[in-house]
Amino acid sequence: MEQTLETPAPPRASLVERMLQVAWIGPAIAAVIIYIFFGIVGGASGFLTVAGTAGWLNTAAELGIIAIPIGLLMISGEFDLSTGSVVGASAIIVALGSGFYGLPVAYTFTLALALGVAVGCFNAFLVNWTKLPSFIVTLATNFILAGTSLGLSRLISGSSNVSFKDAGWAEPILASKWNYFNVSVLWWVFAALLAAWVLRQTRFGNWILATGGNADAARRAGVPVSRVKLILFIWTAVSASFVGIMSAVMYNQGNAAQGQGYVFQTAIAAVIGGVLLQGGFGSVTGIVLGCIIYGIVSLGLFYTGWPTDWLQTFIGALLVLAVLTNNIIRNAALSRGARRK
């Protein structure tokens, strides 16, 4: 009687192993812990109220509209530090065009978005053509555009801060509120759903991950690496232009320096959300959670009664912990996956 040898089936992954494969599991746990912490410490001061929730969610939304494409760009292995100046320049274009010269808002909105396309093309061209690090290229672009915006604003209006009052039809679309919540939250949700679909359901999303994993190997496999970077640089710059337009309508003014906080905040939110600095790994859900964490910490300190001077300390500590945690989780996932083979 013949006996047959059956190949043993590979062991099933445990719950922990499956969780380690989820790119956003780290930031999800961190978000819950941080929310509970500020809920306990600042709950009596109003952190858990509707107004308190709207405060940190509005902050996360404005940050997230830019941080989501920034995160995708980082997954592809590149950085963009020019978004801060694009926000300010776009706001100035709208304020000067419609507030100072009286041009239709549709015209100035188009000019601002066109600026975003131009900046994205410029950054992508320099990165792809010169092979210089995108960190240096986009940082230089940030300084050039910020200085140009400030100089032209002062030259034309005599001030770096230009008032803008009548947005007409754009007010309900870009500046309306509902029970303390800004409409920017809805735009953030739309941006997240679009980015998640692109990253996980399209060939372009596979190209992003492949480019960040190994650009040379991706290029040999037929991935149009230069085109991927071009589209992502344009996406980040146009998103920054949109936030600049929205802020001009919402706050009735344009200021050339008002977006400089986004220069590093967006990248920090993406890293806190699980995006690896070396590229090739990350998720839109994680980036959204990173923005939520940033928003909770930024507004949560106001409800604790502690000096807000400690805000940068909290953000810096979060960034260090996020980088360490992301690397530990990623390495653990890779090692467990290798042992199962």
Side-chain angles (χ1 to χ4, degrees), residues 24-68 70-71 83-84 87 174-192 243 246-247 249-253 255 257-275 284-326:
W24 48 265
I25 189 64
I29 295 173
V32 172
I33 294 174
I34 291 172
Y35 182 81
I36 292 174
F37 171 77
F38 282 106
I40 294 173
V41 178
S45 301
F47 176 77
L48 299 177
T49 64
V50 174
T53 301
W56 62 258
L57 197 57
N58 291 336
T59 299
E62 292 184 27
L63 177 66
I65 292 173
I66 306 176
I68 288 171
I70 284 288
T83 52
V87 171
L174 300 175
S176 60
K177 290 187 176 183
W178 180 80
N179 204 11
Y180 301 107
F181 293 91
N182 294 338
V183 71
S184 58
V185 175
L186 295 180
W187 286 107
W188 179 38
V189 171
F190 171 76
V243 171
M246 186 166 57
S247 65
V249 176
M250 187 178 301
Y251 303 115
N252 299 315
Q253 66 177 5
N255 190 303
Q258 72 184 62
Q260 289 304 310
Y262 293 114
V263 173
F264 292 106
Q265 288 174 0
T266 51
I268 290 173
V271 172
I272 292 175
V275 176
V284 175
T285 302
I287 300 169
V288 170
L289 289 169
C291 295
I292 289 175
I293 292 172
Y294 196 100
I296 291 174
V297 173
S298 298
L299 271 294
L301 280 178
F302 289 95
Y303 291 96
T304 62
W306 301 343
T308 55
D309 298 338
W310 294 97
L311 175 60
Q312 300 302 322
T313 303
F314 272 79
I315 298 299
L318 271 176
L319 181 59
V320 173
L321 289 174
V323 172
L324 293 175
T325 303
N326 294 342

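Values below: every heavy atom of this structure, side chains too, minus hydrogens, waters and symmetry copies. Sequential numbering from 1 along the given sequence is applied to the chain's residues.
- For the atom pair CG (Leu63) and CD1 (Ile287), the distance works out to 11.0 Å, reported to the nearest 0.5 Å.
- Annotation: the span from Ile296 atom CD1 to Ile33 atom CD1 amounts to 12.0 Å, rounded to 0.5 Å.
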**Request:** Could you please spell out the steps behind the side chain to side chain contact (heavy atoms under 4.5 Å, CB included) verdict for Val288 and Trp188?
**Result:** CA-CA 9 Å; Val288 170; Trp188 179 38; 3.6 Å; yes

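- Taking the six-membered ring for Trp and the full ring otherwise, Phe37 and Phe47 have centroids separated by 6.0 Å or more.
- Atom CG of Leu186 sits about 10.0 Å away from atom CH2 of Trp178, to the nearest 0.5 Å.
- Atom-to-atom distance recorded for Thr266:OG1 and Tyr294:OH is 9.5 Å, nearest 0.5 angstrom.
- Closest of all the heavy-atom pairs between Val249 and Asn252 is O-OD1, 3.4 Å.
- Looking at heavy atoms from C-beta onward, Tyr262 lies out of side-chain contact with Ile70 at the 4.5 angstrom threshold.
- A donor-acceptor pair under 3.5 Å is formed between the side chain of Ser45 and the backbone N or O of Tyr303.
- The distance from atom CD1 of Ile293 to atom CD1 of Ile268, rounded to the nearest 0.5 Å, is 12.5 Å.
- In this structure, OG1 on Thr59 lies 12.0 Å from CD1 on Ile292, to the nearest 0.5 angstrom.
- Panel note: side chain Asn58, backbone Asn182; a donor-acceptor pair is recorded below 3.5 Å.
- A 4.5 Å side-chain heavy-atom check between Tyr35 and Leu48 finds at least one atom pair inside the cut-off.
- Val50 has its side chain within reach of Phe181: a pair of non-hydrogen atoms, C-beta onward, lies under 4.5 Å apart.
- In this structure the side chain of Val297 never reaches within 4.5 angstrom of the side chain of Trp56, judged on heavy atoms.
- Within the 4.5 Å cutoff, the side chain of Leu318 has heavy atoms near those of the Ile34 side chain.
- Considering all non-hydrogen atoms of both residues, Ala175 and Met250 come closest at CB-CA, 3.7 Å.
- Nearest heavy-atom pair across Cys291 and Ala269 is SG-CB, 4.0 Å.
- For the pair Phe38 and Leu301, the minimum side-chain heavy-atom distance is below 4.5 Å.
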